[in-house]
**Student:** 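Handing you this structure, nothing more for now.
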Amino acid sequence: MSGARYWRHQDQRYNMAGNECGVCGSRFFPGKTMCPNCHRRSVGKMKKFYFNGNGKIITYTIIHEGSLQYRNQVPYLLAIIELEEGDKVLGQIVDCEASDLAMGKKVEMVFRKLGEQGKSGTIQYGYKFILK
Amino acid sequence: MRSGIVSYGAYVPKYRILPKEIGRVWGQDGEAMGKALNISAKSVPGLDEDTATISVMAARRALARSGMDPSLIGAIYVGSESHPYAVKPTATIVSEAIRAAPYLTASDLEFACKAGTAGMQACLGLINSPDENIPIQYALAIGADTSQGAPGNALEYSASAGGVAFIIGREKVIASIDLTMSYTTDTPDFWRREGMKYPSHAERFTGKPAYFKHIQNCAGMIMKRMGTEPKDYDHAVFHQPNGKFPIVVAKKLGFTDEQIKDGLICPYIGNTYSGSMMIGLAAILDVASPGDRVLAVSYGSGAGSDGFDITITDEMKTFPKDKAPLVNEMISGGKVIDYAIYMKLREKIKLEGE
Amino acid sequence: MGRLARDVAIIGVGQTKFGEHWDLSFRELGIQAGANAILDAGIDSGKIEGLYIGNMSAGLFMDQEHIASMIAEEVGLTKTNIPATRVEAADASGALALRQAVFDVASGSSDIVVVGGAEKMLDVVSDVASEYMNATGDNTWEGLFGATIPGLYAMMARMHMNRFGTTREQLALVSVKNHKNGSMNPLAHFQNQITVQNVLRAPPVAEPLGQLDCAPVSDGAAALVLCDLRTARDLCPDPIRISGTGQGSDTLSLSNRSDLTTLGASRQAAKAAYEMAGIGPGDIDVAEVHDSFTIGEIIAIEDLGFFPKGKGGLAVEDGSTAMGGQIPINTSGGLKARGHPLGATGIAQINELVLQLRGKAGERQIKGATRGLAHSVGGTGGTALVHILEVV
């Protein structure tokens, strides 16, 4: 399998590179080609924005039947996080117990392995979160 | 002003396993083993942690403390014996994940437990090059490992995970490196052949002709060249394959327990291999004051030692250590797991189809 | 805007039993359903002018793309070389195929078309089937990070429970009700009744959802015959008119939604369908909604306007959605009990409504039902469709 599909989003996965609309100032992660608020007025005015990865949990689940990539990690914790600099992101919460989770808890970004293309394939890295 | 360490960051995974628990599985007196090795716990990486993730976390912490623009970093060396790929650099992953790429050089190093300090030396060479055609202002040296001991082997009590990143430069130096010298021989005391999962070691041969000989010669050479004696140093740190060897070598060299206590980290988290001496040095930087002098000597099986004579500068007064966790905070914040979870985290459990 | 150029009716329906069909292939399932629908319509297959197939992922499940041609060949429609089209919108594929077929007939381009939906899921093991279903979510930005479809619905469930006080028991009651309904449907995958305790004690999948909150992996096919209403009156004693069709979209990724307790795609689809039919939620006698997960049904009955937002759980608890309640939901057993062969689901919902409106739903007949609504969702709500059916 070609690694290109994962390679092209490395800056987003590694560094939470999103963007910001130069017209209305809305921020997006992952970045959008066009601002959904400003549409064509935003063309050419979307600026790269690196999110600091701090945020809070707005909802979460404990996955017992994981995707094949994560089947060796069950149970694992998954949350939707509201980023303090705008927009939301889905990510795993690591290094904590399910009982530690609650809506509204603050999290910060860490760098972890996400998956791999089989034992002989490339490894995908990116953001996950830990409780602050 | 001398070049040296501009900033530093360390990372230790959260999980710990105790010698007693390892011994329980293999019918050994784990507690006695832990005492003999002077290791009370060893760090265990999460399932999603490897040398690349540990390196990135350590490097980001170093950058957070320095507040510098990562694109000023002109070289990245990652020293490890557990690079995630046999072919494909860890250093490039770090370079992208700290936003230092693309205008830099990057490479992985391997020299058992001293690849990270070899990287520090390479960085020093680059940033001090008088050749204007090598315009590298800052360089990043990382020592990180998720080392493995074969199940049931004595190494299983010590082989742990962690990493340290040092930003090396000429400006805003918090710890100047006054001298670095190395001592190298071809001594097969510990090795891992291509394709093998676990390393092998030559048991007691790893001691006298290997660890002790190299560290003592390297430290002696440095003190001779600098005209110093052990009492001239406020801190000393030596490679820590277990919690006992560094104490013994310190004594042999004439250092006191007090001089090595701040940098003695192995008893709490085990041997972090390429990060071992470096995490001891990081712990010293956490507490050191301007003017403090440090002797730091690594050891890598195979074998060699890199020694550093270091002086803490006035820059340390205003250096924002609190922008990243201190080593002591990390070694005390562990979560103890049992051997079954350890097996799961270290991917020693084979799933269907594997 | 919002009107069909001419009225369209359903004149025949057919369905295989949903469930485990170890001895039947995709082709055979498709034919069975199609043949039943054509027989039910009582038309000569030479009159069929088009074929639409809703299928989510024959490519993943059986390494076969281009299945419209395959089905056309298998049912003998290639003799006339009629257009055969495969339509995909995750597990709303069947409903979307119907909508395309409705437009075909309404436009006057065709008078009689067959619409089918089929999925053969059990040729792969369950964790592989789940993996394929995960592809209905945003694999790049959520799947790679560990999201599963049950996991995404679980996060909606937690949000709904937190905001509105919806209880774990109310979720379970959706499953209990649908199993009860399914026990009266001979074509349902599951025809056993279950208790709240069964649901609560089932192994967890993605907390708070457990195995009995999730629709099963099923094989199955369903088909129907569409005809313009004028012709239909001549061919059929009891044509059922499609008086409203609506479709909506929303973000593929769940994290990009502004509100996780509602599906914007469902609300849009419902609004469009109600407007076209000139009615409101209070005019519906019976509804089939997308309960791929129990929370999905609760969110759906709110989004469709049957109950105020946040009151869906209570409605299930007080029996408002049971047979004989204010608005019986999923009389067929829903996705949970009837089964959920992804591409077939949207068509099977319509078939159930046709039986109800014809008064031929047997034991589970809602007396005097004249208007029915079907609601189908793709993935976690990136697509939703609503169709309204009426007795002519």
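Letters go in sequence order (proteins before strands), and every chain restarts at 1. FYI, side chains are in, hydrogens and waters are out, and symmetry mates aren't considered; it's all heavy atoms of this structure.
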**Student:** Heavy-atom distances under 4.5 Å only: say whether Ala98(A) touches chain C with side chain, backbone, both or neither.
**Tutor:** neither
**Student:** So which part of Lys32(A) gets closer than 4.5 Å to some heavy atom of chain C, the side chain, the backbone, both or neither?
**Tutor:** side chain
**Student:** Going through the checks in order, is the salt bridge (charged side-chain N to carboxylate O under 4.0 Å, His left out) test met by Lys105(A) and Asp100(A)?
**Tutor:** CA-CA 9 Å; Lys105(A) 277 208 173 174; Asp100(A) 298 333; 5.6 Å; no
**Student:** Whether Glu207(C) and Arg158(C) form a salt bridge (side-chain N of Lys/Arg under 4.0 Å from carboxylate O of Asp/Glu) is what I want to check.
**Tutor:** no
**Student:** What part of Asp127(C) gets closer than 4.5 Å to chain A, counting heavy atoms only: side chain, backbone, both or neither?
**Tutor:** both
**Student:** Give the member of Ala206(C), Ser253(C), Ala147(C) that has the highest number of heavy-atom pairs under 4.5 Å with chain A.
**Tutor:** Ala206(C)
**Student:** Would you say that more than 12 heavy atoms from the other residues, nucleotides or ligands in this model lie under 6.0 Å from the NZ of Lys309(C), or not?
**Tutor:** yes
**Student:** Counting the benzene-type ring for Trp, do His340(C) and His290(C) have ring centres under 6.0 Å apart?
**Tutor:** yes
**Student:** Looking at Ile81(A), Ile58(A), Asp87(A), Leu114(A), which one has more heavy-atom pairs under 4.5 Å with chain C than the rest?
**Tutor:** Leu114(A)
**Student:** With a 4.5 angstrom heavy-atom cut-off, could you sort out which part of Glu131(C) is near chain A: side chain, backbone, both or neither?
**Tutor:** side chain
**Student:** Tell me, side chain or backbone of Leu152(C) under 4.5 Å from chain A's heavy atoms, or both, or neither?
**Tutor:** side chain
**Student:** Please name the pair of heavy atoms, one in Asp91(C) and one in Ser376(C), separated by the smallest distance, quoted to 0.1 Å.
**Tutor:** O-OG, 3.6 Å
**Student:** Using a strict cut-off of less than 4.0 Å between a Lys/Arg side-chain nitrogen and an Asp/Glu carboxylate oxygen, indicate whether Asp95(A) and Lys128(A) qualify as a salt bridge.
**Tutor:** no
**Student:** Does the pair Glu297(C) and Lys177(C) meet the rule for a salt bridge (charged side-chain N to carboxylate O under 4.0 Å, His left out), with working shown?
**Tutor:** CA-CA 11 Å; Glu297(C) 178 165 322; Lys177(C) 168 186 67 74; 2.8 Å; yes
**Student:** Think Arg112(A) forms a cation-pi with Tyr127(A), using NZ or CZ under 6.0 Å from the six-ring centre and within 45 degrees of its axis?
**Tutor:** no
**Student:** Decide yes or no on side chain to side chain donor-acceptor pair (under 3.5 Å) for Ser175(C) and Asn178(C), but give the supporting numbers first.
**Tutor:** CA-CA 5 Å; Ser175(C) 194; Asn178(C) 289 348; over 6 Å; no
**Student:** Who in residues 67-75 of chain A is close to chain C, using a strict under-4.5 Å heavy-atom cut-off?
**Tutor:** Ser67(A), Leu68(A), Gln69(A), Tyr70(A)
**Student:** Out of Ala154(C), Ser130(C), Gly151(C), return the one with the most heavy atom pairs under 4.5 angstrom to chain A.
**Tutor:** Gly151(C)
**Student:** How far apart are the closest heavy atoms of Gln170(C) and Gly165(C), and which atoms are they?
**Tutor:** OE1-O, 4.3 Å
**Student:** Shorter than 4.5 Å, heavy atoms on both sides: which option in Leu260(C), Leu209(C), Asn162(C), Thr140(C) has the most such pairs with chain A?
**Tutor:** Asn162(C)
**Student:** Between Asp213(C) and Arg168(C), does the salt bridge (charged side-chain N to carboxylate O under 4.0 Å, His left out) criterion hold? Intermediate values first, please.
**Tutor:** CA-CA 10 Å; Asp213(C) 289 281; Arg168(C) 182 68 190 85; 2.5 Å; yes
**Student:** Side chain from CB out, backbone as N, CA, C, O: work out which of these in Ser126(C) comes under 4.5 Å of a heavy atom of chain A, or both, or neither.
**Tutor:** neither
**Student:** Is it possible for you to check whether Arg27(A) lies under 6.0 Å from the centre of the six-membered ring of Phe49(A), through NZ or CZ, and within 45° of that ring's axis?
**Tutor:** yes
**Student:** Looking at chain A, which one of Ala157(C), Gly143(C), Pro150(C), Pro204(C) has the largest number of heavy-atom pairs inside 4.5 Å, strictly under?
**Tutor:** Pro204(C)
**Student:** So what's closer than 4.5 Å to chain C heavy atoms on Tyr60(A): side chain, backbone, both or neither?
**Tutor:** both
